[in-house]
Amino acid sequence: MTSVDDGVPARGGSVRRTLQILELVAAGGGASAKEISDAIGLPLPTVYRLVRELLDSEYLVHIREEKRFELGYKLHQLALSLHQQIGVPRAVRSEIVALHQRMGMAAYFAIHRGAQIVVVQTVDSPAAARLKPIDFGFHEAAHATALGKILLADMDDEQRERHLDPDPMPRFGPGTLTTRRELAEQLADVADRGIAWELEEFQPGATCCAAAVRSASGSIVGSVAVSAPKELFVQRRDVVERELRRTASAVSRYYRSGHTA
């Protein structure tokens, strides 16, 4: 790979640093060239060169009065395209709202995109708050979440090997399974039943249960889930599973029909 004269790789390195600039500007609501240089560790001439490309492509705008750069409207167009690809049909949204209302728990709908879990709808309330940081784009800690276990259970051994951390896997809560052997045993049950439980594995005191959503071919396209403090799940496991299966079945019908707009 060739390099430009500032020592930054001309291809992959430049792309990575360009994305770092966008992420930095997004996180801070804007940034000056000096702030970008200090944060990423690039010389100012390199920052100006990369920023100029982003300005020309309308991914950034220059606020001259403040001498800062902010996100451009081109990113909004990309965001709209993403939401169109993973948008939640109205009928599906209604099913997740109904699940929340029936159970009195935070309810979620996630789309599986490759090895990622994208939580595209969350319905909660002050009395039934969502788990943090489960939100749009959540896909971390798959071995410690019910949503993640649905994803992992659908993978073959090779895919799972690439996705999981080596033993011991990171511990997030008192119940986290940190060995692959323990997890594999549980995932076999998840694959068989289509239901995954997470008992204080992601956050202390919190429990979550998820059910798989399948397409017409039988492949898993996503999952529905509920979460609540562990006390609310005591003696309600059968009810939780029944309601999740009911919702997952209804949502699956929309995806099998092909009419999900």
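We number each residue from 1, following the sequence as shown. As the structure is a prediction and not an experimental result, all values here were calculated from the model.
By the salt bridge (charged side-chain N to carboxylate O under 4.0 Å, His left out) test, R102 is found to be paired with E243, residues two or more places apart in sequence or in another chain being considered. Among residues two or more places apart in sequence or in another chain, the side chain to side chain contact (heavy atoms under 4.5 Å, CB included) test is passed with E231 by P229. The ring pair (Phe, Tyr, Trp, His ring centres under 6.0 Å) test applied to F233 returns W197, not counting sequence neighbours.
With hydrogens and angles ignored, the 3.5 Å screen pairs a side-chain donor or acceptor of R93 with a backbone N or O of V88. S37 places a side-chain N or O within donor-acceptor distance of the main-chain N or O of L42, the cut-off being under 3.5 Å. Proximity of a side-chain donor or acceptor of D154 to a complementary backbone N or O of A191 within less than 3.5 Å is not detected. Judged by distance alone, the side chain of R130 and the main-chain N or O of D124 form no donor-acceptor pair under 3.5 Å. Remark: side-chain polar atoms of K74 are paired, donor with acceptor, to backbone N or O of S57 under 3.5 angstrom.
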Please evaluate residues D38 and K34 with respect to the criterion salt bridge (Lys or Arg N to Asp or Glu O under 4.0 Å), reporting the C-alpha separation (whole Å), side-chain torsions for both, the decisive distance (0.1 Å), and the verdict. CA-CA 6 Å; D38 291 343; K34 180 66 165 57; 2.7 Å; yes
For this session: Test Y108 against H100 for ring pair (Phe, Tyr, Trp, His ring centres under 6.0 Å), laying out the working first.
Result: CA-CA 9 Å; Y108 313 88; H100 164 68; 9.8 Å; no
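Contact of the R246 side chain with the E95 side chain is not registered, since no non-hydrogen atoms from C-beta on lie closer than 4.5 Å. Side-chain atoms of F172 and P204, non-hydrogen and from C-beta on, never get closer than 4.5 Å to each other.
Taking the six-membered ring wherever Trp is involved, the centroid distance between the rings of H143 and F202 does not fall below 6.0 Å.
Under the 3.5 Å distance criterion, with hydrogens and angles disregarded, a donor-acceptor pair is assigned to the side chains of S217 and S219.
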